[in-house]
Amino acid sequence: EKNKVILLSKSGKVLWEYDVKGQIISEVFQPDIYKNNKKQYLFATEDKIFCLDRRGRMVKGFPIAINASKIQTFTLIDYDGSKKYRLLCSTNKNELRMYNMEGKNLKGWNPQKIQGKLIEPAKHIRVKGKDVILAIQENGKIHLWNRSGRENSKFPIDVKTPLQGDIFISKEKNIKNSTITFLTQKGEILKFNLK
């Protein structure tokens, strides 16, 4: 409640504290930015993306300020396990923005416009070397983009009813057979493939 990040040892000893001056609104991710098997702590507040090293020091280039918008959701993407990370945010201005680890907007994601709040952070899905970014809005619109920010020609899909809850992703042998299942606020279960 004091907006401090605290690392505790297994015995409960405080190892370090860092004041982020804002509430954490995302999961705390543990990337290996330097590719040396030493992980960092990556997370977002409404206006900044933070990355602390294992000793509680800010990683060079962070925090990344998100100007003129407030972050609503944040996720970390590593497309192929190469540790070439991407930062994906949805904002209060109905945008999806993707950055590299230096905080530069990526081509095709500057920004992607959506028409409402997401029910959960956008997701990266990889099936047989093909990558897609899935974003599902509370209002029933479902988006699917490729890595470079081009939306699939069959999307967005509008199911015309508010959505809620968790999303279940079933990865199969290809994109056509891979499915997304979710729940509407009316209690209907909807399922569609990634085509």
Side-chain angles (χ1 to χ4, degrees), residues 1-93 95-112 114 117-127 129-136 145-149 166-167 169 171:
E1 67 187 19
K2 292 182 179 177
N3 298 322
K4 290 181 188 285
V5 175
I6 301 169
L7 183 66
L8 304 174
S9 71
K10 289 180 183 177
S11 65
K13 178 184 173 190
V14 174
L15 300 176
W16 52 257
E17 288 185 16
Y18 192 92
D19 185 358
V20 294
K21 296 181 175 57
Q23 185 176 5
I24 295 174
I25 55 93
S26 72
E27 180 180 335
V28 178
F29 299 93
Q30 287 191 276
D32 178 9
I33 293 170
Y34 302 115
K35 303 178 184 178
N36 62 1
N37 296 317
K38 294 178 181 173
K39 299 201 173 173
Q40 296 78 40
Y41 303 95
L42 180 78
F43 55 89
T45 62
E46 280 189 338
D47 59 349
K48 289 184 178 123
I49 300 168
F50 291 84
C51 192
L52 302 173
D53 70 16
R54 58 199 187 111
R55 294 187 180 147
R57 299 172 301 198
M58 191 63 63
V59 170
K60 185 179 178 184
F62 286 87
I64 296 170
I66 307 299
N67 298 320
S69 298
K70 290 189 185 289
I71 299 171
Q72 290 185 325
T73 66
F74 170 72
T75 195
L76 177 69
I77 296 173
D78 182 3
Y79 286 117
D80 55 6
S82 65
K83 300 181 181 177
K84 188 176 178 183
Y85 300 106
R86 299 293 184 241
L87 310 170
L88 182 60
C89 304
S90 69
T91 73
N92 65 327
K93 293 191 174 176
E95 301 168 333
L96 267 181
R97 293 181 171 271
M98 194 179 304
Y99 304 93
N100 65 16
M101 291 302 279
E102 288 78 46
K104 292 192 171 92
N105 283 308
L106 295 180
K107 188 177 178 185
W109 294 93
N110 189 18
Q112 285 293 343
I114 52 178
K117 196 172 182 181
L118 301 183
I119 61 172
E120 60 180 54
K123 295 192 177 310
H124 164 248
I125 305 167
R126 173 170 267 229
V127 178
K130 286 193 150 209
D131 298 291
V132 293
I133 305 295
L134 172 73
I136 299 180
W145 293 277
N146 68 10
R147 282 170 73 155
S148 59
D166 296 327
I167 300 164
I169 300 168
K171 294 183 195 179

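A distance of 11.5 Å separates NZ in Lys13 from CG in Leu7, rounded to the nearest 0.5 Å. Rounding to the nearest 0.5 Å gives a distance of 11.5 Å between CD1 of Ile77 and CZ of Arg126. The distance from atom CZ of Arg54 to atom NZ of Lys39, rounded to the nearest 0.5 Å, is 12.5 Å. Of the inter-residue distances, the one linking Phe74 atom CZ with Ile66 atom CD1 reads 8.5 Å to the nearest 0.5 angstrom. Remark: Leu134 CG to Lys123 NZ distance equals 8.0 Å, nearest 0.5 Å. Taking CE of Met98 as the reference point, atom CZ of Arg147 lies at 9.0 Å (rounded to 0.5 Å).
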Check the pair Lys84, Tyr79 against side chain to side chain contact (heavy atoms under 4.5 Å, CB included), reporting the backbone distance first and the verdict last. CA-CA 8 Å; Lys84 188 176 178 183; Tyr79 286 117; over 6 Å; no
Evaluate the criterion side chain to side chain contact (heavy atoms under 4.5 Å, CB included) for residue pair Ile125 and Lys171; output intermediate values, then yes/no. CA-CA 8 Å; Ile125 305 167; Lys171 294 183 195 179; 4.1 Å; yes
Show your reasoning for whether side chain to side chain contact (heavy atoms under 4.5 Å, CB included) applies to Trp145 and Val132. CA-CA 6 Å; Trp145 293 277; Val132 293; over 6 Å; no
Stepwise side chain to side chain contact (heavy atoms under 4.5 Å, CB included) test for Arg57 and Leu52: CA-CA 5 Å; Arg57 299 172 301 198; Leu52 302 173; over 6 Å; no
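Remark: Thr91 pairs with Glu95 by the side-chain hydrogen bond (donor to acceptor under 3.5 Å, both in side chains) rule, at least two apart or across chains. Asn146 is linked by a side-chain hydrogen bond (donor to acceptor under 3.5 Å, both in side chains) to Ser148, counting only residues two or more places apart in sequence or in another chain. Taking the salt bridge (Lys or Arg N to Asp or Glu O under 4.0 Å) definition, one finds that Asp166 meets it with nothing, sequence neighbours left out.
Residues Gln30 and Gln40 are not in side-chain contact: their nearest non-hydrogen atoms beyond the backbone lie 4.5 Å or more apart. Counting only heavy atoms from C-beta outward, the side chains of Val14 and Leu8 approach each other to under 4.5 Å. You'll find the side chain of Leu87 reaches within 4.5 Å of the side chain of Ile64, heavy atoms only. With a 4.5 Å cut-off on side-chain heavy atoms, Tyr41 and Asp53 do not count as touching. The shortest side-chain heavy-atom distance between Thr75 and Phe29 falls under the 4.5 Å cut-off. The closest side-chain heavy-atom distance from Ile25 to Phe43 is not below 4.5 Å.
Checked options Ser90, Ser26, Cys89; the residue passing with Thr73 is Ser90 (criterion: side-chain contact (heavy atoms from CB on, under 4.5 Å)).
Within a 6.0 Å sphere centred on NZ of Lys35, other residues, nucleotides and ligands contribute more than 12 heavy atoms.
For Gln112 (side chain) and Gly149 (main-chain N/O), a donor-acceptor pair under 3.5 Å exists by modelled atom type. At distances below 3.5 Å, not a single donor-acceptor pair connects side-chain atoms of Trp16 with backbone N or O atoms of Val5. The backbone N or O of Asn110 lies less than 3.5 Å from no partner atom in the side chain of Asn105, so there is not a single donor-acceptor pair. Distance alone, capped at 3.5 Å, places no donor-acceptor pair between the Glu120 side chain and the Leu118 backbone. With Arg97 contributing its side chain and Leu88 its backbone, the two residues share no donor-acceptor pair below 3.5 Å. Between the side chain of Asn92 and the main chain of Lys70, a donor-acceptor pair closer than 3.5 Å is present.
A donor-acceptor pair shorter than 3.5 Å cannot be found between the side chains of Arg86 and Asn100.
Residues Leu76 and Pro31 come closest through the heavy atom pair CD2-CB, 3.8 Å. Across Lys93 and Ser69, no two heavy atoms sit closer than the pair CD-OG, 3.6 Å. When all heavy atoms of Ile71 and Thr45 are compared, the closest pair comes out as CD1-O, 3.5 Å. Between Met58 and Cys51, the closest heavy-atom pair is SD-O, 3.3 Å.
Here Phe50 and Phe62 keep their ring centres 6.0 angstrom or further from each other.
For Lys83 and Asp32, the salt-bridge test passes: some basic side-chain N is under 4.0 Å from an acidic carboxylate O.
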